[in-house]
Amino acid sequence: MIPSPITLILFASSCLGAMFTHSGDLPKREYDFVVVAGAAGAVIASRLTENSRISVLLLEAGGSNENVLDSMVPAFAGLMAPGTIWDWNFTSTPQTAINNRSVAAARGFMLGGSTSINFMVYTRGSAEDFDRYAEITGDKGWSWDRLQPYIRKVRTASAGARLALNFSSVPQNERFLSPPRDQHIEPAPQFNPRVHSFNGINTVSLEGFPKDINGRVIQTVRDFHSDFPFNLDMNSGNHLGVGWVQATVNKGVRSSSAISYLAPSIMKRSNLHVLLNARVTRANGKPSKGGKLTFNSVQYTENGGKTSQTVSANKEIILCAGAMMTPHILLHSGIGDSPTLKALGIPPVHHLPSVGQNFSDQPSLRNQWLVNSTDTQETIAQNATFTTEQLDRWRRTKTGPLVDPPNSFLGWLRLPDKAAIFQRFRDPTPGPRTAHFEFIIANGLLSRSTPATGNFLRFGTAVVQPISRGSVSIKSTNPLDPPVIDYRLLTSEYDVVVLREAFRRSNQFLSHPVWKDYLLKPPTNATTDEEIDLYIRANAGPMNHPVGSCSMSSRSAKYGVVDPDLKVKGVDGLRIVDASIFPVTPTAHTQAPVYIIAERAADLIKATWWH
Ligand SMILES: Cc1cc2nc3c(=O)[nH]c(=O)nc-3n(C[C@H](O)[C@H](O)[C@H](O)COP(=O)(O)OP(=O)(O)OC[C@H]3O[C@@H](n4cnc5c(N)ncnc54)[C@H](O)[C@@H]3O)c2cc1C
Ligand SMILES: *[C@@H]1O[C@H](CO)[C@@H](O)[C@H](O)[C@H]1NC(C)=O
Ligand SMILES: *[C@@H]1O[C@H](CO)[C@@H](O)[C@H](O)[C@H]1NC(C)=O
Ligand SMILES: *[C@@H]1O[C@H](CO)[C@@H](O)[C@H](O)[C@H]1NC(C)=O
Ligand SMILES: *[C@@H]1O[C@H](CO)[C@@H](O)[C@H](O)[C@H]1NC(C)=O
Ligand SMILES: *[C@@H]1O[C@H](CO)[C@@H](O)[C@H](O)[C@H]1NC(C)=O
Ligand SMILES: *[C@@H]1O[C@H](CO)[C@@H](O)[C@H](O)[C@H]1NC(C)=O
Ligand SMILES: *[C@@H]1O[C@H](CO)[C@@H](O)[C@H](O)[C@H]1NC(C)=O
């Protein structure tokens with residue numbers, strides 16, 4: 001049959017290179033590896049298809065990231081979620097310790113996963129975080145030192161980062177702190193090139209446009225250095241102190257895992273297929289000779305469950321659906337606590353009671369201070385003329401205030417060693433060079449709920465090594481039902497005490513005279529412990545850094561979901577590579593740690609199959 005012009009057009013619009021939007025267009029039903037979505041999924045698909053003899057299918061429930069303006073413009077990050085077409089729109093169960101509030105649990109619903117909707121903060125965590133993973137798993141390969149080659153595979157040659165060494169070039173490129181209007185701060189180094197690589201795949205760079213608050217933060221850190229020391233580079237392994245944000249931004253545009261690891265040069269590989277709008281419902285296994293289950297196919301639906309498709313994986317299925325959806329897929333596949341699954345009506349195929357357990361997120365407060373300024377992110381929502389001008393500038397030159405994501409500085413800080421709380425709780429940090437709490441400092445925040453008037457300093461505070469643990473579970477046999485997400489946020493009294501202390505320390509930071517004419521109204525008038533706790537319980541929420549629901553543990557451990565090679569314990573053909581495998585949260589915003597484990601996982605997979 002000779003195709004009519006109409007079918008040609010239809011075909012062209014549904015098939016961009018090896019990117020498919022309809023299951024019917026997939027040229028085959030059998031691949032070596034089937035990878036399910038995610039930030040890490042793009043890494044795995046990209047690295048495995050470096051070998052042209054290996055075929056990989058990447059399945060993603062959401063749509064394409066291409067030409068999604070709000071995803072590309074860093075300053076628009078806060079518009080991506082919650083409650084948009086790019087979000088799964090999950091909400092938590094009522095959280096008992098925060099006045100029974102249900103909170104939004106944002107998750108990216110598009111290629112690149114949450115890296116296509118996140119705030120782009122790039123933090124690796126502390127060296128002690130990774131050394132603890134090595135200790136928990138009994139695999140030295142997870143230690144900070146041994147992971148360095150993978151860390152460096154990620155970090156890149158952004159023009160911005162290279163220019164960063166040339167401090168004299170500040171005026172032309174607007175990448176550095178220029179002297180704020182009211183005080184003189186000389187351009188000073190903002191990162192340490194020795195701990196970075198300049199030829200990786202995913203671009204990371206420094207702030208590109210100076211913010212109203214920068215000079216004040218730097219001045220405070222100088223004068224209050226014994227309490228808030230400056231850290232030139234929080235990604236060196238020793239993250240304590242206050243420093244400049246590094247972000248996954250490439251010359252003013254978001255660099256997600258889809259943009260970097262699935263760039264056009266990679267998508268043209270004939271051994272890599274990507275299918276969008278494909279929601280995985282379960283993985284199927286069959287008993288092999290020894291009786292062990294071997295997983296070798298994946299079921300998915302592309303039209304709200306009306307039809308079910310199956311695709312085979314000859315070698316492995318790699319789940320990268322994230323800390324909320326990977327356990328959901330496992331449970332619907334019959335992998336979990338067998339009695340619980342049976343009671344629900346799902347035939348158990350493999351008893352693994354840790355699936356969905358030990359789930360955690362970092363409790364945080366977005367403290368908003370009303371400020372004496374019109375030069376904050378809120379202006380983008382409030383002044384259409386300004387935004388039209390700046391968007392035009394961004395489109396033409398990739399300069400101006402839209403080139404940066406919201407956060408400018410982070411602080412990683414500890415409680416005093418002798419803090420009273422340690423008489424009641426064991427210090428949950430992996431060592432003395434890892435933070436208990438964090439400051440997240442932003443020159444305002446653009447979001448879908450930005451008020452019509454008022455400009456704010458957003459001085460976030462968070463517990464970055466919480467003790468509370470929750471769970472992800474399911475409540476029906478329907479795989480299209482959302483997971484049941486229970487953070488159990490702040491259910492440990494320790495977390496409340498640390499969040500209270502973090503809030504007090506933020507007030508101490510802002511007591512420097514440099515903030516005096518700037519801050520007009522505090523986020524709360526609470527001052528006593530009791531008042532601050534009321535404020536906390538009324539306002540705290542998760543950081544959107546969920547981890548732990550499919551924890552990695554040592555080969556001999558009686559708990560855990562994956563072994564140190566990230567293979568699901570007790571079965572064959574199934575691996576997990578996403579934020580769910582961290583046995584404890586990294587003391588970080590989680591994307592960089594996920595990129596790091598994904599790079600190593602790709603090598604572990606190659607070591608299994610490349611002969
Ligand atoms: C609003 C927000 C802001 C954040 N800000 C930062 C930040 O500034 N810095 C930082 O380091 N981290 C940040 N994070 C966290 C970071 O983005 C994640 O840690 C990172 O993306 C890895 O997450 P993950 O492994 O859980 O999977 P995700 O990246 O969430 O990927 C999961 C993928 O699986 C897909 N999927 C799920 N279920 C199915 C299914 N059944 N079938 C097919 N596909 C499926 C999803 O659509 C998604 O693409 C943020 C997250 C959010 C939500
Ligand atoms: C999330 O909610 C928005 C707004 O209601 C909706 O448009 C979008 O389709 C929802 N996302 C998903 C994955 O259902
Ligand atoms: C939360 O809900 C539980 C159960 O419904 C109830 O016992 C408790 O009093 C509620 N707590 C608050 C603070 O409202
Ligand atoms: C600094 O700029 C000069 C001139 O543009 C360039 O040749 C040099 O490579 C730059 N230095 C670094 C370390 O990138
Ligand atoms: C949760 O993690 C701890 C170790 O931190 C472990 O002892 C426990 O068994 C885990 N629980 C489950 C249900 O996996
Ligand atoms: C809005 O932005 C325009 C262009 O930058 C500026 O001229 C104007 O003063 C702003 N309006 C207000 C109310 O700040
Ligand atoms: C706001 O700042 C200006 C200087 O920029 C100052 O004159 C004014 O008094 C400040 N307003 C308040 C309410 O502090
Ligand atoms: C704080 O302000 C609220 C009103 O916003 C008021 O009801 C409350 O009494 C104040 N608390 C204190 C301790 O001043």
Side-chain angles (χ1 to χ4, degrees), residues 37 60-63 68 70 79-91 104-111 113-114 116-117 132-133 135-137 276-279 301-305 321-322 324-325 327-328 330-331 335-340 351-360 373-376 378-393 400-402 426 428 430 444 448 452-455 465-473 480-483 486 488 492 547-554 556-562 569 580-585:
E60 165 59 51
V68 176
D70 288 0
L79 300 176
M80 294 301 292
T84 67
I85 54 171
W86 309 295
D87 180 21
W88 281 83
N89 302 329
F90 297 145
T91 50
R107 290 281 90 192
F109 183 72
M110 68 199 292
L111 201 62
S114 298
S116 295
I117 71 160
R132 172 157 69 179
Y133 299 145
E135 196 184 304
I136 290 173
T137 59
L276 302 170
N277 313 321
R279 180 156 171 185
T301 177
E302 60 177 349
N303 48 14
M324 292 168 189
M325 287 303 268
H328 182 269
L330 289 180
L331 294 168
I335 304 175
D337 182 60
S338 292
T340 309
H351 182 58
L352 212 50
S354 292
V355 173
Q357 303 302 306
N358 271 327
F359 178 67
S360 73
S373 168
T374 51
D375 189 9
T376 69
E378 283 81 17
T379 306
I380 299 169
Q382 296 164 348
N383 184 339
T385 314
F386 173 79
T387 305
T388 305
E389 274 174 19
Q390 293 306 331
L391 194 52
D392 182 55
R393 180 179 180 187
L402 303 190
R426 219 181 96 200
R448 292 189 185 271
T453 58
N455 293 76
Q465 275 297 330
I467 286 183
S468 306
R469 294 287 182 272
S471 64
V472 174
S473 58
L480 301 182
D481 280 348
D486 185 2
R488 290 179 51 76
S492 167
V547 300
S549 50
C550 296
S551 171
M552 151 169 96
S553 65
S554 74
S556 61
K558 295 276 186 293
Y559 73 98
V561 176
V562 295
K569 293 183 173 223
S580 69
I581 67 97
F582 293 113
V584 204
T585 190

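As a basis for the values below, the full set of heavy atoms in this structure was taken, side chains included, without hydrogen atoms, waters or symmetry mates. Whatever order the structure lists ligands and atoms in, that order sets their numbers, starting from 1.
Scanning all protein heavy atoms for the shortest distance to atom 5 (O) of ligand 6 gives E389 OE1, 3.3 Å. Protein heavy atom at the shortest distance from atom 13 (C) of ligand 2 is D87 O, 3.4 Å. Closest to atom 4 (C) of ligand 2 among all protein heavy atoms lies G83 O, 3.6 Å. Looking at atom 8 (C) of ligand 6, its nearest protein heavy atom turns out to be N383 ND2, 3.7 Å.
At distances below 3.5 Å, at least one donor-acceptor pair connects side-chain atoms of R448 with backbone N or O atoms of L79. Side-chain N or O atoms of D87 include one that pairs as donor or acceptor with a backbone N or O of G83 at under 3.5 Å. Q382 places a side-chain N or O within 3.5 Å of a backbone atom of G454 that can act as its donor or acceptor partner.
Which parts of ligand 5 touch N358 is read off a 4.0 Å heavy-atom cut-off, strictly below it: atoms 1 (C), 2 (O), 3 (C), 8 (C), 10 (C), 11 (N), 12 (C), 14 (O). Residue contact check: Q357 has heavy atoms under 4.0 Å from atoms 13 (C) of ligand 5.
Here the OG-CZ distance, from S116 to F109, works out to 12.5 Å after rounding to the nearest 0.5 Å. Considering CG of L402 and CD1 of I380, their distance stands at 5.0 Å, rounded to 0.5 Å.
Under the 4.5 Å side-chain criterion, counting only non-hydrogen atoms from C-beta, M325 is in contact with W88.
Taking every heavy atom of both residues into account, V562 and C550 meet most closely at CG2-O, 3.9 Å.
The shortest N or O to N or O distance between S354 and ligand 5 is under 3.5 Å. For ligand 6, the polar-atom distance check finds no N/O of T385 at less than 3.5 Å from any of the ligand's N/O atoms.
When the options I85, T84, N89 are ranked by their closest heavy atom to atom 14 (O) of ligand 2, first place goes to N89.
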